[in-house]
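Predicted model, so just to flag it, every value in this text is computed and none were measured. Every chain is numbered from 1, with letters handed out A, B, ... down the list of sequences.
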Amino acid sequence: MSTRTPRRTRAVPPRDDPEVGDPAEELEEHISHPDQDGQAPHGRRERVETNVIGQRLRKTDGLAKSTGRARYTDDISLPGMLHGKILRSPHPHARILSIDTSAAEQMAGVHAVVTGAEMPRSYGIIPWTPDEQALATDRVRYVGDAVAAVAADDEDTANRALEAIRVEYEELEPLLDPREAERRTDVQIHDPKKPGYNGNITKVVKLEFGEVDGEMDAADVVVEGDYFFEGSTHTPIEPHCAVGLWEEGGIAGTRLTVWSSTQVPHYLHRELARVLELEAARIRVIQPAVGGGFGGKSEPFDLEFCVAKLAMKSGRPVKILYTREEVFYAHRGRHPFLMKYRLGADREGRIRAVDNRALLDGGAYASFGLVTAYYSGQLLPAPYEIPAYRFHSTRVYTNKPACGPKRGHGSVQPRFAFEVQLDKLAERLDLDPIELRRRNFMGEDRRTINELRVTSNGFLQCLDAVERASGWKEKHRRLPFGRGVGVAGSCYISGTNYPIYPNEMPQSGIQIQVDRSGRVTVFSGASDIGQGSDSMVAYIAAEELGVPLESVRVLTSDTDLTPVDLGAYSSRVTFMLGNACIDACRKMKALVQQAVAEHWDAKPQRVLLAGGQAMDGLDTSRQMPIAGAFNLAEAKYGTLGATGSYNTPKDVHGEYRGGTIGASPAYSFTAHVAEVEVDPETGFVDVKTIWVAHDCGRALNPAIVEGQMEGSAYMGFGEALMEQQIFKDADHGRAGLHDAPSLLDYRIPTSLDTPELASLIIESIDPEGPYGAKEAGEGPLHPSIPAIANAIYDAVGVRMDSMPFSPPRVWKAIQAQKEMEGREGKAVAAD
Amino acid sequence: MKELLTLRINGQTHEAAVPSHFTLLETLRYVLQLTGSKQGCDKGDCGACTVWLDGRPTLSCITPVHEAVGAEVRTVEGLVGLRTGSGTPHPLQDAFDVCGAAQCGFCTPGILMSAAALLEENTSPSRDEIRDALSGNLCRCTGYTKIYDAVEMAAERLREQGERGVGR
Ligand code: FES
Ligand code: FES
């Protein structure tokens, strides 16, 4: 593992500060230098004036969703469609000795049965760790691992057919505890990469920046803590679903279509081709409306391969809908983390060194785990200046469902521990925790110690906003016993500079077409999973081309029709797709302006497109309906269309192994204050309010941004207090069995549980984001958990370093505290 | 085994051959193609399948279809036009759109049916009353905040309508 000390932290050279010029001149300049390369269309930090962007507008699919018209994957039914079911392993770890499907195949109503032998090629979302198979061929690694699938006339017949499949297993010892998996080599969940390696380890990352030991030794205060972050899962309300259709039809017609509730149609497309050994050009992936993802649908799952193969075998369309229980086993959620953290600071509270270790419980497969192992350390060195930093993270396999990316992938866990560490530091130094954070603020336009390029940074404004809104100064350390407030901050990426598989092509693309009626059609390959990406591109098209929002139609996520977008993950969509859409629209706009200008015998930069009209900026009485302007352009240039793309800067990352992971074109910043009431008799924590301030660069639609902030804070709150993705061991039932695979027992917050959520949008205007925008979908989750932990401390004086902060744990901590105080009291009395 | 059943749904009479063990949700979605009502869990935990049975919010995934025979069923598709006149979305449906109360939208049909039932009884609900009415409907996207805003907005519109005597 490479470990090296990089260059000292340095500031990014200041960007030119362009003067605000004459809009007509800017327009002219824009037309003569259209953004052909798809790069940052603004590159400046002033807020650009907009008509549509920044408004609280309806979403393009809002009414379809509220009237029941929106079509999700399970709403699709095709003529002759069969229903598929998947046979799953009852053992957490076993060798498959034989699979006999003959009885199932002969059952009436069964049309196809498939096993792993028919699609043995391994795959993985990360190309370097292809350790999964569509259906296991020789080993199962968790209860729920898929081994065979059937397609039948209906679900009941399919379920009966599964019962008729005979699988002979040789049970192997399961490893459920990550510490055991790390230590032991006599049981190996995967084959070691090389002789001498431990096959239970996915990835070890050790990185060191600056003089950690020296700085730590020189620190006035060192705070040390052991933390445990419990695993949790996404539980989108829509279970995963896929439909496969195989059509044989000669030279161009033979093809496979898969509809899936995926967040990553492009990656699914690639993996289907790989596993089914079909040309990608013969596969079409369509993503209908998705009923929530949160990272839980961001890689291929067994059901997509199975519907495809079963459709190919039976010649009929096949649908598989996961049961809710299967969704819990499909998982790919938050990794449990065991953390050992050290933080050194000077007397004024300035951080000198951070030294962190983490053990990540990854479950049965790698999933995104290679990235998770890096993110567990790479995303921590902002928004605070950390002059010396080391992290050492190990991700291990265990015989449980695979963990993966859940909202705030890999960085929510370290953020919890670190922000609690900061609270302890403030306590030790008798400093206000908000003031302590201000003192350590890194500033704008800087490189972090691990060389992440941070540009816009509104973290201080976030702190100010939550301090003010929460009444922090009157509350912190001032509320009566049982009540308290806590603060925490965080930072997150707006997409990753490097795609999952190395390539030079754009990360996002948009195609637009204008119609003679004045309608604009936007073809977007991005996945709207509820976050509003379809609406976002519609707003941009309306803004740039001056058409009313009703005249924009967005067609999405169909690999036959729409350009590639890499998917809804890593908070990349607004930033990347938004820029691609601006790029496409401005190319189109230039044509329209030119054509109208010729018609009017004026300069093109005088032609403004807004409010459904083309008008002369210097003589607004000269106008024409936008359709007329489009028609002039079509007459002049022929059929109208434009493409736009966005690719990330490839020159801003750390010059060390792993230095590209965590590199993002922009970072969002967040601060939360949580107010809690703790009942010392029961340990019940009642979170009253969470104030969420988030620097999203610029809110393209504030209502949607607030929705992301509230949803994030809600999800963090659920993790903090209620949720546990845990499994039984042999002493408590059958080893590897999910403890609570239902929405009743795995408790996600209801309306009655959820605190008041107050959103405070901060706009730092990012120099490279679309109109200055950055992400808002994941960052605002991070501080919820440590803010609540810190508030519990303020309320009752106990540190909650292990999650969740459930009544028994909080109660025990309070009891332990009381006992200690009692002993101390006695000791004092005895003196 | 299929049976021929007569069902009243959204004011219309449907005759359909329904497997006799089907739930109301399966019947709506897979027999009648009324796919607005969603299945999030199929065991009564999430509320996505909520419909009205004689005006009462009911979990259709745990309601045998037989229980719906002879009752008036209303689904999210049938909220359109209720209190507004034919073809116009219910004030709640519109308010959900205005407020951004539907993110992924999968919980939305069920939440709308619970909220609409509340508004049938009470057009001035407090936040706590709204919270109570929605406590059986899980939403994983919104944190519920925008949903409360939308219910309050719809309540206000219904009150205005009531004053003007529209739609009643
Ligand atoms: S589907 Fe009926 S309660 Fe979940
Ligand atoms: S909007 Fe997605 S679950 Fe409620």
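Between chain A and the residues B:Q103, B:K43, B:R140, the largest count of heavy-atom pairs under 4.5 Å involves B:R140. Highest contact tally toward chain B, considering only A:S77, A:P239, A:G292, is held by A:P239 [criterion: heavy-atom pairs under 4.5 Å]. Taking A:D74, A:I529, A:D61 one by one and counting their heavy-atom pairs under 4.5 Å with chain B, the maximum is reached by A:D74. Interface summary for chain B: among A:M715, A:K59, A:E710, A:E706, the most heavy-atom pairs under 4.5 angstrom belong to A:E710. When the candidates A:S66, A:G68, A:G711 are compared by the number of heavy-atom contacts under 4.5 Å with chain B, A:S66 comes out ahead.
Partners of A:E756 according to the side-chain hydrogen bond (donor to acceptor under 3.5 Å, both in side chains) rule, which considers only residues two or more places apart in sequence or in another chain, are B:R131.
Comment: A:D75 does not engage A:R71 in a salt bridge, judged by the lack of any side-chain N to carboxylate O separation of less than 4.0 angstrom. No salt bridge links A:D156 with A:K85; every basic N to acidic carboxylate O contact stays at or beyond 4.0 Å. Using a 4.0 Å cut-off between a side-chain N of Lys or Arg and a carboxylate O of Asp or Glu, A:E719 and A:K406 qualify as a salt bridge. Under the 4.0 Å criterion applied to side-chain N and carboxylate O atoms, A:E723 and A:R747 are not assigned as salt-bridge partners.
Proximity to chain B is absent for every atom of A:A289, based on heavy atoms less than 4.5 angstrom apart. Contacts between B:L138 and chain A at a heavy-atom distance below 4.5 Å involve backbone atoms as well as side-chain atoms. In this structure, the portions of A:E238 lying under 4.5 Å from any heavy atom of chain B include both its backbone and its side chain. Heavy atoms of A:N701 lying under 4.5 Å from chain B are absent altogether. At a 4.5 Å heavy-atom cutoff, B:H90 makes no contact with chain A through either its backbone or its side chain.
Across A:R407, A:E775, A:Q708, a single residue satisfies side chain to side chain donor-acceptor pair (under 3.5 Å) together with A:S571, and that is A:E775.
Ring geometry for A:H240 versus A:Y322: interplanar angle of 30 to 60°, hence tilted.
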